[in-house]
Number of protein chains: 2
Amino acid sequence: MTGERRKFRREGADTRRQALVLATLDLIAEQGVRGATVRAIAERADVTQGLIRHYFSTKDELVQEAYLAHMAGLTEQTFAGVAERETARERLAALVVASVTPPVVDSASVGLWAGFLNHVRQDARMRAVHAQTYHDFRDRLEGLIVAALEEAGRGPDAGQARRLAIACNAVIDGLWLEGGALPEAFGPDELTGIALTAVGAILQLDLEEAAKT
Amino acid sequence: MTGERRKFRREGADTRRQALVLATLDLIAEQGVRGATVRAIAERADVTQGLIRHYFSTKDELVQEAYLAHMAGLTEQTFAGVAERETARERLAALVVASVTPPVVDSASVGLWAGFLNHVRQDARMRAVHAQTYHDFRDRLEGLIVAALEEAGRGPDAGQARRLAIACNAVIDGLWLEGGALPEAFGPDELTGIALTAVGAILQLDLEEAAKT
DNA sequence: GTCGTAATTATGCAAGCGTATAATTGTTCG
DNA sequence: CGAACAATTATACGCTTGCATAATTACGAC
C-alpha cells in the first residue's frame with residue numbers, strides 16, 4: 001500500500017481563483033465564517049490547501065475577493081432585466097420587485113452579507129468596497145427615481161433626490177434583510193406588494209400598476 | 001519568586017454572569033465574533049477562563065445569553081421615552097427618531113447584530129430569540145401605528161395594519177443598518193429627517209411636526 | 001474559631017487553525 | 001524526446017481555541 005500521490009490537472013490562474021472564491025462563498029453561506037477554513041475551502045474547490053497560498057498570499061485576501069464578487073453579483077442580479085422596461089416608472093418598479101424577490105432575497109445571501117460585515121468594520125480595504133457598493137447602488141436608484149419623477153412632471157432638486165433615494169434604499173434594504181433572515185415570516189408575494197406600496201408612497205407614484213407590465 | 005496565586009473575591013452568580021455577558025458583548029462589538037474567545041472574555045471580565053465553564057456549560061450558551069441581552073437592550077433603548085408623549089402620533093414620532101439616533105444607531109451595535117446573525121441561522125434556540133425580538137418590536141410598532149391612525153380618524157383593518165407595520169419597520173431597519181454601517185455617509189440629523197418623512201409618507205401622517213414636541 | 005463548600009484559579013490536552021516550505025508532477029517549448 | 005518551469009501536492013510547525021480536571025481559597029454557618 002504505497003500512499004499514492006493525488007493526480008491533478010493544471011488550470012489557468014483565473015479558473016482556479018474563481019473556483020476558490022466560489023467555494024469560499026458557498027461555505028460562508030452554508031456554515032458562516034467559522035466554517036470557511038482554509039482546509040474546507042480547498043476541499044470544496046477540489047484542491048489541496050497549499051494551492052490557496054499559491055494564488056492568494058493570505059486568507060484575508062481571498063475573503064476580500066470573495067466579498068467583492070458577492071456584492072457585485074448581488075447588484076447585478078438586482079438590476080438584471082431593469083433596463084429592458086419601457087418607461088422610467090416601470091424600470092423603477094422592476095428594480096423594487098427584483099430587490100425583494102429571490103434570488104436576491106435569500107437566507108444564505110443575507111447570511112453571507114452579515115458574515116462579511118465584521119470584516120468590513122475592521123479592514124480598511126473591505127470598508128472601501130462596502131462604501132463603494134452601497135453608494136453605487138444608491139446612485140443608480142437615485143437615477144431611476146429622478147427619471148420617474150421627471151416623467152411624471154415633477155423634477156426634484158438634488159437634496160430632495162438624495163433624501164428620497166436614501167429612504168427608498170432603506171425600505172428595500174430593510175425588506176431584503178427581513179425577508180432573508182426570517183423567510184417564513186412573510187407570505188409569497190407579500191414583500192413585493194409592501195415594497196411597491198411603500199416606495200410608491202414615499203415618491204407619490206403608483207408603482208403597483210407599473211409593476212404589472 | 002514563588003508564583004503567587006491570584007487573589008479573588010466571591011461574587012453572586014447573577015453578578016458574574018452579567019459581567020461575563022457584558023464582556024462578551026464588548027468584545028464582539030469591538031473585534032467581531034473572532035475576537036470573543038473564551039480567554040479574551042475572561043480577561044475582560046477580570047476572571048480566569050475556567051470560571052466561564054462554571055457558569056456556562058458551553059461557550060455557545062454564553063453567546064446565546066449575550067444575544068438575548070443585546071436584543072432586549074436594543075428594544076428597551078428604542079422605546080425609552082416613548083410612552084411619556086401625549087398623543088399617539090407623538091409617540092410614534094418619538095419611536096422613529098429614537099430608532100435612527102444614537103445610542104440605538106451605532107456601529108458597534110450593528111456589528112454585534114451582524115455577528116450574531118450567522119449563529120442565528122444555525123442554532124434553533126437563537127432563531128427563536130431572533131424571531132421573537134423581531135415580532136415583538138413590530139407588534140409594538142403596529143400598535144402605535146394603529147393608535148396614531150385612529151387618532152386621525154382612519155382605522156386600518158388588520159391586514160393593512162400588518163403591511164404598514166412591516167413597511168415602516170423596514171424603513172427603520174434599513175436606516176438603522178446603514179447609519180450604523182456607514183456612519184460617515186450621513187449628516188448629523190439627516191437620518192432623523194428622512195425617517196420621519198418616509199414613515200410619514202407611508203402612513204400619510206405628518207410626523208415631522210409631531211417630533212418637535 | 002474552624003469547618004465545609006462553593007467559587008475561583010491553575011494547568012493541561014486534543015483538535016483545528018493559518019501559514020511556511022519542500023517534494024512532486026503536469027505542461028510547454030525547443 | 002528531454003529539459004525547464006510553474007502548478008500542485010504533501011508535510012510539518014507553531015499558535016490558538018474550547019473544554020476538562022485538579023488544586024486552592026474566600027466566605028458563611030455553627
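Side-chain atoms are counted along with the backbone in the values below, which use heavy atoms only and exclude waters and symmetry mates.
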Next item on the list: Kindly indicate, with the supporting measurements, whether the criterion side chain to side chain donor-acceptor pair (under 3.5 Å) is fulfilled by A/Arg121 and B/Ser107.
Entry: CA-CA 8 Å; A/Arg121 291 181 55 235; B/Ser107 171; 3.3 Å; yes
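What separates CD of B/Glu43 from C1' of D/dT17 is a distance of 15 Å, to the nearest Å. A/Glu11 places its CD atom 7 Å from the P atom of D/dT8, with the value rounded to the nearest Å. Counting to the nearest Å, the P atom of C/dA10 and the CZ atom of B/Arg5 are 5 Å from each other. Put simply, CG on A/Leu27 is 11 Å from P on C/dG18, counting in whole angstrom units. Computed from coordinates, the A/Leu51 CG to D/dT11 P distance equals 17 Å when rounded to whole Å. Across the protein-nucleic acid pair, B/Lys7 atom NZ and D/dA26 atom C1' stand 10 Å apart, rounded to whole Å.
An OP1 or OP2 oxygen of C/dG16 is reached within less than 4.0 angstrom by no side-chain nitrogen or oxygen of A/Thr37.
B/Gln49 comes within 4.0 angstrom of a nucleotide base, judged by non-hydrogen atoms across all strands. Contact annotation for B/Val38: backbone-only contact, meaning every heavy-atom pair under 4.0 Å involves sugar-phosphate atoms and none involves a base.
For DNA chain D, the neighbouring residues in residues 52-67 of chain A, judged by any heavy atom under 4.0 Å, are A/His54, A/Tyr55. Shown for residues 12-24 of chain A: no residue has heavy atoms falling under 4.0 angstrom of DNA chain C.
Within a 6.0 Å sphere centred on CZ of B/Arg16, heavy atoms belonging to other residues, nucleotides or ligands number more than 12. Environment of CZ in A/Arg34: sparse, with no more than 12 heavy atoms of neighbouring residues, nucleotides or ligands closer than 6.0 Å. Around atom CD of B/Glu208, more than 12 heavy atoms belonging to other residues, nucleotides or ligands sit under 6.0 Å away. Summarising the local packing, CD of B/Glu11 is surrounded by more than 12 heavy atoms from other residues, nucleotides or ligands at distances under 6.0 Å.
Comparing B/Phe8 and A/Thr48, the nucleotide of DNA chain D nearest to each residue sits closer to the 5' end for A/Thr48. Positionally, the nearest nucleotide of DNA chain D for B/Gly50 lies more toward the 5' end than for the other of B/Gly50 and B/Arg6.
Taking 4.5 Å as the limit, every side-chain heavy atom of B/Val21 sits out of range of all side-chain heavy atoms of B/Arg17.
Side-chain to base pairing of A/Arg10 with C/dT27: no donor and acceptor N or O lie closer than 3.5 Å to each other. Under 3.5 Å, the side chain of A/Arg39 and the base of C/dG18 form at least one donor-acceptor pair of N or O atoms.
Using bins of under 30°, 30° to 60° and over 60° for the plane-to-plane angle, the ring pair B/His130/B/Trp113 lands in the tilted bin.
The CG atom of B/Leu51 sits 6.0 Å away from atom OG1 of B/Thr48, with the distance rounded to the nearest 0.5 Å.
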